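Notes follow the structure.
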Amino acid sequence: MSTEIPTSAGQPSPLPASQASDGVPPAAREEGPTGAPEARESGPEAPAAEPHPAREEPPSGSPGARESGPEAPPEAPAAEPHPAREEPPSGSPGARESEPEEPGADPPAAAGPLPRPEADAPEDLDFAQVLAEHERNEEPRAPLSPGQRVRVRIIAITQDTIFVSTGSKVDGIVDREEMEVDGSLPYAEGDILDLYVVNVSPQEVKLSRIIRGAGGLVALEEAKEAGLPVEGKITALVKGGYAVEIMKRRAFCPTSQVDLRPPDSPEALVGKLFPFLITRLEKNGRNIVLSRRSLLEREQAEHRDALLASIAVGDVTEAVITRLVPFGAFAELAPGVEGLIHLSEISWTRVAQANEALSPGDRVRAKILSLDTGAKGVRVSLSIKQATEDPWKDAATRLIPGETLSGRVTRTTSFGAFVELLPGVEGLVHISELSFARRISKPEEIVTPGDTVSVKIKEADLDKRRISLSLRDAAGDPWETVSESFVLESEVTGTLERRAPFGLFITLAPGITGLLPNSALPAGASRKALDRLAPGDAVQTRIKEIDLKNRRISLAPAGETAGLAAEEKDWKHHAAPSAPRTPALGSLGLALQAALQKKKPGT
C-alpha cells in the first residue's frame with residue numbers, strides 16, 4: 001500500500017506504506033553522528049527521499065514507533081553517542097530533550113561531537129601533563145636496531161616479564177627468567193640495565209642480556225644475523241687462538257679477536273666466561289668463528305661518543321688507573337676509553353717511575369689537557385697534578401731566605417742534590433754547599449735519595465721556581481770558632497785526609513783542614529814514618545799559622561818530631577872530625593901531580 005503526498009510541482013508522489021503511517025520522510029528519521037540539518041526538516045514542503053537502506057521502521061506500538069499527525073512537528077533524531085562516552089539515559093541531567101521547531105525557523109547548525117563533561121577535563125589535563133613529563137624525563141635516543149646495546153630503566157615487573165623504558169615511545173620487554181639468578185630476581189623497579197636489542201616492532205622492543213645455554217643452529221644463525229652476543233666459555237689455548245664452547249658447540253676465537261690488545265698472560269683467560277659475536281657460521285655449525293674484540297670495539301665506540309659529548313678540554317673528571325708504563329700511566333674514563341697521564345703530570349712532586357705514586361685500580365681526579373680525534377681513535381691527555389692547586393702559589397709565604405727547614409732528598413746529580421721542602425716544591429743543594437767537613441767529589445758521599453736532611457734557604461726566586469739551599473750552613477760554620485778551638489804553637493791530633501805533591505792535608509776537626517808542607521817534614525826515620533801513613537791515620541801536628549780570612553791553617557811537625565830533628569843535629573855537631581879524605585885521582589891526575597912536585601925548588 002502506498003500514499004501520495006504533494007510535491008513542489010503539485011503532483012503526488014508515492015510512498016511505501018511503512019513510511020506513510022507517520023507522514024515523515026525517511027530523511028527525518030536518519031540518524032547521524034553530526035546531526036545534519038537535513039535530519040531535522042519536516043512538513044509538507046520537504047521533498048520526498050528514498051528510504052534509508054540500512055534502517056527499518058519499527059512495528060507499530062513499539063516504543064520506538066512514532067505516531068503520524070499533520071500538526072505535530074517531527075522529532076529531531078537523537079545524535080549518536082560520543083565514541084569515547086556512552087549516552088546518558090533519559091531523565092538524567094546530561095540527557096537532551098528534543099523540542100519542536102517553529103515553522104519558518106532557520107535550520108539548526110550542524111552539531112559536532114558531544115562535549116565532554118566538565119568533570120572529565122582535569123583528568124585529561126593531568127594525563128597530558130604526566131605524559132609530557134614522562135617524555136621529558138626520557139632521554140631522546142636514535143631509532144633502535146637489532147644488536148644494539150642500550151641502557152634501560154625498569155618500569156614494571158610481572159610474573160613473566162620485565163618492562164623497561166628504552167628512551168623511545170615504545171617500551172621494551174625482557175623475559176624475567178633470563179634475568180633471574182638462582183631462581184630469584186636481583187632487580188627492582190628503577191634499576192638500570194644494559195641490554196641488547198633482539199627485535200623491534202611498532203608495539204614493543206624485545207631485549208635480551210645475552211644468549212646463553214643450549215640452542216640449535218637456528219638460534220646461532222639468528223644471533224649472527226642480529227649481531228647478538230653469545231655467551232661462551234674459553235676451554236683451551238690452541239694454535240692461533242682459543243677453543244670456546246658456545247651453546248653446547250665448539251667454536252674458535254683468534255688471539256687477535258679475544259681482546260682490544262694482546263693479553264699479557266694468554267693462559268689466564270682459560271676457564272672464563274665472555275660474550276662473543278659470531279663472525280662466521282659454516283658447515284651446519286661445524287665451523288664457528290667468534291670475536292670478542294668486535295663486541296668490545298662496538299661498546300667502546302658507544303661509550304666514546306657519549307664521553308665526547310659530555311666532556312671538554314679543561315674539565316676535571318674521575319678516572320681509574322688501568323696500567324702503568326715507563327712513560328706514565330693509563331686511566332679509564334669510560335668503559336673502553338682510556339687517557340694517558342704522562343710521568344711529568346702525575347704529581348707536583350718529582351716522580352721517577354709511575355709506581356712511586358700510582359697503582360692499578362686507583363681512582364684519581366684528572367684534568368683533561370687535550371682531546372685528539374683521528375683515524376686511530378680518540379687520544380686523551382690527562383693531568384693529575386693540574387687538577388690540584390699549584391703548591392708554588394703560597395711558597396712565598398712559607399719559604400723565607402735564611403730559614404732552616406727539614407726536607408727529603410729526591411734525587412742527586414753530578415752538580416748537587418735536590419731536596420723537597422714542600423709537596424711539589426724542590427730546591428737545589430750545590431755540591432759545594434754539602435759539607436764543611438771535607439771536599440766532596442760526588443753528592444752520594446754525603447746524601448742519598450730518601451734521606452731527610454736539614455737545609456738552610458740561601459736564595460729563593462719564585463718567579464723562576466728556583467731555590468738555592470745549603471746543607472753545610474744548616475749544620476753551622478766550624479771556622480767561626482777556630483780562633484777559640486785552636487791556638488798557635490799548640491799541638492793537635494788530626495787525621496790524614498789526603499796527600500798532595502806539596503804536602504799532607506790533615507783534618508783537625510769536622511770542616512777544618514790544615515796543610516803540613518813538605519818543607520816542614522823532618523828528615524830521617526820520622527819522615528819515613530809519615531810517608532807510610534794512609535788516609536784516615538792519626539797524625540800529631542803543631543799549629544804554626546792560622547789565616548781566618550782565607551780559611552787556611554799551616555801545620556808543622558809536633559814537638560816530639562822537632563826534638564828528634566834537633567837531637568840528630570846535636571849528634572852531628574859533637575861528633576869527632578874525621579881525617580881529611582884524599583880525593584881519588586885518576587892516572588892522568590897522578591901524572592900531573594908528580595910533574596908539579598918535580599918543578600918545586602930544591603927537588
Side-chain angles (χ1 to χ4, degrees), residues 139 149-153 181 186-188 190-195 209 258-265 268-269 272-275 292-293 295-373 376-394 408 410 420 422-426 450:
E139 297 181 359
R149 187 172 185 263
V150 294
R151 176 160 291 184
V152 298
R153 178 174 54 86
V181 178
Y187 304 104
D191 289 352
I192 304 299
L193 303 175
D194 289 327
L195 303 174
R209 183 164 62 181
V258 76
D259 206 339
L260 293 174
R261 60 181 61 87
D264 297 332
S265 178
L269 301 179
K272 294 185 177 181
L273 293 172
F274 296 106
R292 179 170 173 254
R293 178 174 181 174
L295 183 62
L296 296 176
E297 288 178 346
R298 188 169 69 183
E299 296 177 357
Q300 184 183 39
E302 295 175 359
H303 291 299
R304 181 181 64 244
D305 296 340
L307 178 68
L308 293 178
S310 61
I311 63 174
V313 175
D315 291 348
V316 177
T317 183
E318 289 191 356
V320 178
I321 303 299
T322 56
R323 54 197 175 103
L324 306 179
V325 292
F327 48 85
F330 284 94
E332 187 179 57
L333 300 172
V337 182
E338 293 183 344
L340 172 63
I341 306 173
H342 193 266
L343 201 62
S344 61
E345 296 294 335
I346 291 179
S347 174
W348 292 104
T349 303
R350 189 176 297 274
V351 177
Q353 296 180 350
N355 58 6
E356 296 179 4
L358 300 173
S359 299
D362 290 350
R363 184 173 294 274
V364 298
R365 288 179 57 82
K367 183 178 181 180
I368 300 175
L369 301 181
S370 65
L371 289 170
D372 298 330
T373 304
K376 296 183 178 180
V378 179
R379 293 184 177 182
V380 184
S381 297
L382 305 174
S383 173
I384 296 177
K385 75 176 187 180
Q386 295 191 32
T388 60
E389 188 177 359
D390 188 354
W392 284 89
K393 290 183 178 180
D394 60 346
R408 180 178 63 90
T410 57
E420 184 182 47
L422 301 173
V425 179
E426 292 183 350

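Note that the structure is predicted; figures quoted are calculated from it, not measured. Throughout, residue positions are numbered sequentially from 1 according to the sequence presented.
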Compare every heavy atom of [Y] with every heavy atom of [X], then report the nearest pair and how far apart it is.
X    : Y    : value
A329 : L340 : O-CD1, 3.5 Å
E420 : T410 : CB-CG2, 3.7 Å
A331 : L382 : CB-CD1, 4.2 Å
T322 : P360 : O-CB, 3.9 Å
P326 : L343 : O-CD2, 4.1 Å
A357 : I346 : CB-CG2, 3.8 Å

Set of salt bridge (charged side-chain N to carboxylate O under 4.0 Å, His left out) partners for E426, sequence neighbours left out: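 Expected list: R350.
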Step-by-step side-chain contact (heavy atoms from CB on, under 4.5 Å) determination, R293 to L260: CA-CA 6 Å; R293 178 174 181 174; L260 293 174; 4.2 Å; yes
Show, in sequence, the C-alpha distance, side-chain angles and deciding distance for L358 and I384, and conclude whether the side-chain contact (heavy atoms from CB on, under 4.5 Å) test is met. CA-CA 11 Å; L358 300 173; I384 296 177; 4.0 Å; yes
About how many Å separate CG of L422 and CH2 of W348, when rounded to the nearest 0.5 Å? 13.5 Å
Could you tell me the separation between the CG atom of L307 and the CG atom of L371, rounded to the nearest 0.5 Å?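 The distance works out to 7.5 Å.
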Do [X] and [Y] come close enough that some side-chain heavy atom pair is under 4.5 Å?
X    : Y    : answer
T317 : I368 : yes
D259 : R292 : yes
L295 : F274 : no
D191 : R153 : no
I321 : S359 : no
T349 : R408 : yes

Partners meeting side-chain contact (heavy atoms from CB on, under 4.5 Å) with V316 (sequence neighbours left out): R365, K367, A387
More than 12 foreign heavy atoms under 6.0 Å from CZ of R379: is that the case here? no
